[in-house]
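Below, all heavy atoms of this structure are taken into account, side chains as well, without hydrogens, waters or symmetry copies. Position 1 is the first residue of the sequence; numbering continues from there. Atoms within each ligand, like the ligands themselves, are counted from 1 in listed order.
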Amino acid sequence: MVYSTNYWGKCMRVAILSDVHANLEALQQVLRALEHERYDALISLGDVVGYGPLPNECVRLVADAASHVILGNHDDALLGRTDIRDFNSYARQAIRWQSTITSPETREIISTYKPFVELPDAFFVHGGPRSPLDWPYILNIYDARLHFRNLQKDICFIGHSHRSVVFDQKEDGAIKQAVRERIQLEEGHRYIINVGSVGQPRDGVADASFALYDSGERVVEIRRVAYDFARTQKLMQDNDLPEFLIRRLQFGE
Ligand code: ZN
């Protein structure tokens with residue numbers, strides 16, 4: 001592929017992943033899939049920790065692989081900043097256990113995570129562009145409309161809900177919501193795109209989810225890769241993590 005400069009600025013291919021949630025097996029599988037791809041930047045949209053068995057390893061690997069890392073609510077909670085009383089009991093139990101095994105180096109790395117990242121044409125954030133550190137969810141067209149008002153770019157990539165979805169806003173303001181594997185970006189439209197979750201998908205499919213964005217071709221692809229979730233489940237069992245969190249990995253729920 002030839003990279004050129006268009007009116008957007010520099011053409012780029014960007015790999016985007018989110019919500020690794022201490023699932024090293026899933027993260028490694030995604031990075032293996034990306035070995036066959038060409039990309040100029042790799043952006044993590046947050047929640048490298050929480051829920052899973054290997055937070056230190058995932059934080060280290062994301063730090064090595066990613067060019068930009070954004071803060072998620074679980075990352076923030078591990079540093080003791082976001083109040084875990086807002087978390088459900090399973091999430092709370094997992095983050096409490098993780099804070100007992102987190103290394104100083106892991107905390108140091110997480111403390112460098114950014115609230116959001118901007119490229120010339122796109123905005124990257126964990127929950128949404130409106131008040132990002134309140135960890136908003138964009139689950140429907142009503143939510144999306146509020147966030148489009150706060151979005152200065154044509155495209156916003158998010159995670160947080162663990163379900164990939166596309167909100168497509170036409171010039172007249174009308175918004176469509178859809179689940180797509182391949183999104184051809186149209187002139188004059190604006191987009192909020194959830195890339196899904198690497199380490200704990202919740203759309204009924206166990207496979208890890210990530211995205212590739214090509215600003216020259218104006219295409220976003222949502223990719224899925226199978227990984228050995230039984231290995232992650234075994235490690236969670238060994239560490240007495242909640243059964244509900246262990247089971248959900250195999251159903252993607
Ligand atoms: Zn998450």
Side-chain angles (χ1 to χ4, degrees), residues 16-27 29-30 43-59 61-62 66 68-99 102 106 109-110 113-117 124-129 131-139 143 147 156-165 192-211 222 224 227 229 232-233 236 241-242 244-249 251-253:
I16 307 150
L17 48 90
S18 192
D19 297 273
V20 170
H21 284 301
N23 187 341
L24 185 67
E25 202 64 40
L27 174 61
Q29 211 52 44
V30 166
I43 301 183
S44 164
L45 300 182
D47 280 2
V48 180
V49 303
Y51 296 126
L54 295 170
N56 294 306
E57 291 77 358
C58 288
V59 166
L61 187 51
V62 168
H68 306 76
V69 187
I70 293 160
L71 185 72
N73 50 321
H74 288 251
D75 309 318
D76 206 46
L78 194 67
L79 297 187
R81 299 189 300 211
T82 280
D83 192 344
I84 59 168
R85 279 178 299 185
D86 297 338
F87 281 27
N88 68 52
S89 65
Y90 306 112
R92 223 163 32 225
Q93 199 180 324
I95 212 82
R96 281 212 187 98
W97 170 74
Q98 287 189 354
S99 37
T102 329
T106 295
I109 294 172
I110 294 175
Y113 290 0
K114 305 280 185 295
F116 56 83
V117 164
F124 301 82
V125 66
H126 185 61
S131 195
L133 296 181
D134 290 331
W135 318 114
Y137 283 98
I138 306 180
L139 300 175
D143 298 335
H147 287 269
C156 176
F157 290 96
I158 61 169
H160 195 32
S161 75
H162 301 203
R163 288 166 190 236
S164 180
V165 64
I192 295 174
I193 299 173
N194 191 314
V195 303
S197 166
V198 170
Q200 195 201 74
R202 292 180 195 161
D203 58 356
V205 179
D207 301 350
S209 182
F210 65 100
I222 305 294
R224 302 301 289 262
Y227 74 98
F229 54 75
T232 301
Q233 289 179 311
M236 292 172 80
L241 283 161
F244 171 75
L245 296 182
I246 297 170
R247 277 177 54 81
R248 74 189 307 179
L249 291 183
F251 302 111
E253 62 184 20

Q: Mind checking ring pair (Phe, Tyr, Trp, His ring centres under 6.0 Å) for Phe87 and listing every partner two or more places apart, or none if nothing turns up?
A: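 Here the qualifying residues are His74.
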Q: Consider only side-chain N and O atoms of Asp76 and Thr82, and report whether a donor and an acceptor are under 3.5 Å apart.
A: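 Yes - a donor-acceptor pair under 3.5 Å links their side chains.
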Q: If the condition is ring pair (Phe, Tyr, Trp, His ring centres under 6.0 Å), which residues does His147 pass it with, not counting sequence neighbours?
A: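 His147 satisfies ring pair (Phe, Tyr, Trp, His ring centres under 6.0 Å) with no residue once adjacent residues are dropped.
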Q: The criterion is ring pair (Phe, Tyr, Trp, His ring centres under 6.0 Å); which residues satisfy it with Tyr137, sequence neighbours excluded?
A: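 Ring pair (Phe, Tyr, Trp, His ring centres under 6.0 Å) check on Tyr137 returns His160.
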Q: Please give me the protein atoms (N, O or S only) lying under 2.8 Å from the Zn ion (ligand 1), ordered by chain and number.
A: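 Protein N/O/S atoms under 2.8 Å of the Zn ion (ligand 1): Asp19 OD1, His21 NE2, Asp47 OD2, His162 NE2.
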Q: Please give me the minimum heavy-atom distance between Ala77 and Ile95, naming the atom from each residue.
A: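 Looks like CB-CG1, 4.3 Å.
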Q: Could you tell me whether a side-chain N or O of Asp134 sits under 3.5 Å from a main-chain N or O of Pro136, the two making a donor and an acceptor?
A: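 Checking the backbone N and O of Pro136 against the side chain of Asp134, no donor-acceptor pair under 3.5 Å is found.
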